[in-house]
Amino acid sequence: MQQKMSWLGIEQNALAFSFTTLAAGLMNNILSFYYVKLFLNHYKISERDFQQAQVIFMVWNAFNDPLFGYLQDNSRLPCCSQRRLSILYGAPLYAAAFLLPWFPWREYTEGDWLCGLHLLVALCAYDGMLTFVLLAQCSLFAEISSRHDSRLQLIKYNQVASIIGSSSVLFCGLLSNNMENISHFQLVVLTVAALALACMVYTGRHCVSQYEQGEGSTKDMASNAPNLSWSSIFYLTKQIVTQRDFLLFVSMNFFQVFHLAFLNNFMMIFADQLIPRNLLPTTVKSIMYGAGFICPQLLVLSSHSLLKKYGYYKIILSVFYVELCSAVVMLILGPTHYYLLSFFLVGNMVMVSAAFSLFNLPLADIIDADLQKYKRSFPLSSMVFGTNALFTKPAQSLAPMLVVTILNQYDYERLKDITTLTDQSGLEDLHRVMFGLICLTPMCIALVQILAWTPFSIRESHADVPKYLDS
């Protein structure tokens, strides 16, 4: 009976945990897929303002993660130290921040300085609340259980939630005609924000870690929290970053984040330019974009048995080799095979997103290794996730900055509106550069990732006994 209740308890925790994944999926996929096109094509932001906003956002994006991580791992305030309360109290602000980009502060003219400020505030506010809420959730992933099977169960529930959350891009595209109908688009994002808020509140009320079960555990966490000081921040961070496996993972993850941001931000722009509109109508393209977000979760969900048998290390490494080979084949075939190009764009996004969905597993193992090595009372889950983000989050800004700079060298600002084109040779040069980016970016990134991931030493956690006992 007790074992049955324990099993049911894990399932209930996994269900509650996955609701925040659903909320984040609903909002993050829409924001990452549409915000670049919205500000470039609809708000007509200047390249200077776009780049300035991205540079400031890059700095904020990197440093807020370890700071929030240290705060959540060491604060004596329950709203910070207890993971579920961090999610519960952060949920309203997270949902509100999601709405910031989609409503212009006035009727923007081309190059309006206020548009640049709007982008900066929207990105920084959204990422700040995303960090506060999702760091708590990532920490819950490592702290709900140390058993590999239990973590795979969380991944399984997570992928089901991600499938539902990923459909937001599909329905948003269909209902707003791929953001051509702005008023419909705004109604969709308002609905998404309300649904996401309800999901996060459910997690905040029902999901607990093994360290938060019971009043005594909560008091122990508070009493073990050291005094906040800069010296302790640097000391703990140094302990984390000097671990070889952490450095290898972060190196590989940086390029994964870059690749994912590249695809999220520019897949729709590249498809609109390189695939003729008479070949793929708007509805078909909406389904194609939606598939790029839904199929990765289906792939991970269907590979549950492979993860148990082979472990995440071999599967992630295999994905890198497939990305490399497929990019080489597409480059050889050329840009005129439009259906193959469409399949390659979606397939590349599916592989990158699916592999990224597994990255909590190696991070959780790194947290376990850190707990054992330094004989800590409680794992520094938020600090490990936050320090990882310190090094990888800048890639989210570097990707759009570099790509926009390259495209504008070929007059993307002037040529992006097909209805006003007069320079056909300029358009051909732009398309050639876009195709080059589509093929060469995954080729180069996959090569670097193979070199960085191959020496990673935590490879057999799927076959290991728990490293510390569940409470």
Side-chain angles (χ1 to χ4, degrees), residues 14 17-18 20-22 24-25 28-29 134-135 137-142 144-163 165-166 245-246 248-261 263-264 292-324 347-369 381 384-385 388-389 392 395 442 445-446 448-450 452-464:
F17 177 88
S18 68
T20 291
T21 301
L22 171 58
N28 294 352
N29 291 327
L134 295 194
L135 266 183
Q137 194 213 16
C138 288
S139 301
L140 276 173
F141 178 87
I144 284 176
S145 174
S146 61
R147 299 181 183 277
H148 186 74
D149 284 347
S150 297
R151 287 174 175 172
L152 286 182
Q153 185 185 55
L154 286 177
I155 290 284
K156 190 174 183 180
Y157 275 76
N158 248 20
Q159 294 315 121
V160 174
S162 295
I163 291 169
S166 300
D245 283 324
F246 179 81
L248 290 171
F249 174 81
V250 162
S251 302
M252 179 273 293
N253 193 18
F254 175 87
F255 290 97
Q256 192 77 1
V257 172
F258 183 97
H259 198 181
L260 193 58
L263 292 170
N264 284 341
F293 287 89
I294 296 172
C295 290
Q297 320 311 328
L298 291 172
L299 181 61
V300 174
L301 191 62
S302 63
S303 63
H304 186 75
S305 59
L306 292 176
L307 282 168
K308 292 184 71 173
K309 184 176 181 180
Y310 298 107
Y312 59 77
Y313 172 82
K314 292 179 181 177
I315 291 177
I316 291 173
L317 188 61
S318 300
V319 169
F320 295 155
Y321 279 107
V322 173
E323 289 175 16
L324 175 62
N348 197 20
M349 191 165 184
V350 168
M351 288 187 291
V352 173
S353 299
F356 190 71
S357 297
L358 303 178
F359 283 9
N360 276 357
L361 288 170
L363 270 176
D365 282 341
I366 290 169
I367 291 167
D368 291 342
S381 308
V384 172
F385 279 100
N388 164 67
T392 61
I445 287 176
V448 174
Q449 288 181 308
I450 290 168
W453 186 239
T454 301
F456 189 80
S457 66
I458 309 176
R459 305 181 183 185
E460 305 299 331
S461 63
H462 60 288
D464 288 348

* Structure fact -> On a heavy-atom basis, the closest approach of S166 and N29 is CA-ND2, 3.4 Å
* To do: Could you list the residues that satisfy side chain to side chain contact (heavy atoms under 4.5 Å, CB included) with I315, not counting sequence neighbours?
  => L306, L307, L358
* Structure fact -> Residues passing the ring-ring contact (aromatic ring centres under 6.0 Å, His included) test with Y313, sequence neighbours excluded, are W453
* Can you find a heavy atom in the side chain of P442 that is under 4.5 Å from one in the side chain of H259? -> yes
* To do: Compare all side-chain heavy atoms of I458 with those of Y312 and state whether any distance is below 4.5 angstrom.
  => yes
* ring-ring contact (aromatic ring centres under 6.0 Å, His included) partners for F356, two or more places apart -> F359
* Structure fact -> CZ of F320 to CE of M252, rounded to nearest 0.5 Å, is 4.5 Å
* Calculate, to the nearest 0.5 Å, the distance between atoms OG and CG belonging to S457 and D365 respectively. => 10.0 Å
* Quick one: pull up SG in C295 and CG in L301 and give me the separation to the nearest 0.5 Å. => 12.5 Å
* If a pair satisfies side-chain hydrogen bond (donor to acceptor under 3.5 Å, both in side chains) and one of its residues is in residues 248-258, list it, with sequence neighbours excluded. => N253-N388, Q256-Q449
* Output all residues satisfying side chain to side chain contact (heavy atoms under 4.5 Å, CB included) with N28, sequence neighbours left out; order by chain, then residue number. => A24, Y94, Y126, L130, L134
* Structure fact -> Across all chains, not counting sequence neighbours, the side chain to side chain donor-acceptor pair (under 3.5 Å) partners of T21 are Q137, N158
* Return yes if some donor-acceptor pair links the side-chain N/O of T20 with the main-chain N/O of F17 below 3.5 Å, else return no. => no
* Structure fact -> Taken in chain and number order and not counting sequence neighbours, the residues that satisfy side chain to side chain donor-acceptor pair (under 3.5 Å) with E323 are none
* Asked: Who are the ring-ring contact (aromatic ring centres under 6.0 Å, His included) partners of F293, not counting sequence neighbours?
  -> F33
* **Distance, nearest 0.5 Å, that separates CZ of F249 from CG of D245** => 11.0 Å
* To do: Identify, with sequence neighbours excluded, every residue that meets side chain to side chain contact (heavy atoms under 4.5 Å, CB included) alongside L299.
  => S302, V350, A354
* **From CG (N360) to CD1 (I366), nearest 0.5 Å** => 11.0 Å
* All side chain to side chain contact (heavy atoms under 4.5 Å, CB included) counterparts of F254, not counting sequence neighbours -> T392, A395, L398
* To do: Could you pull out all residues at least two apart from F255 that satisfy ring-ring contact (aromatic ring centres under 6.0 Å, His included)?
  => none
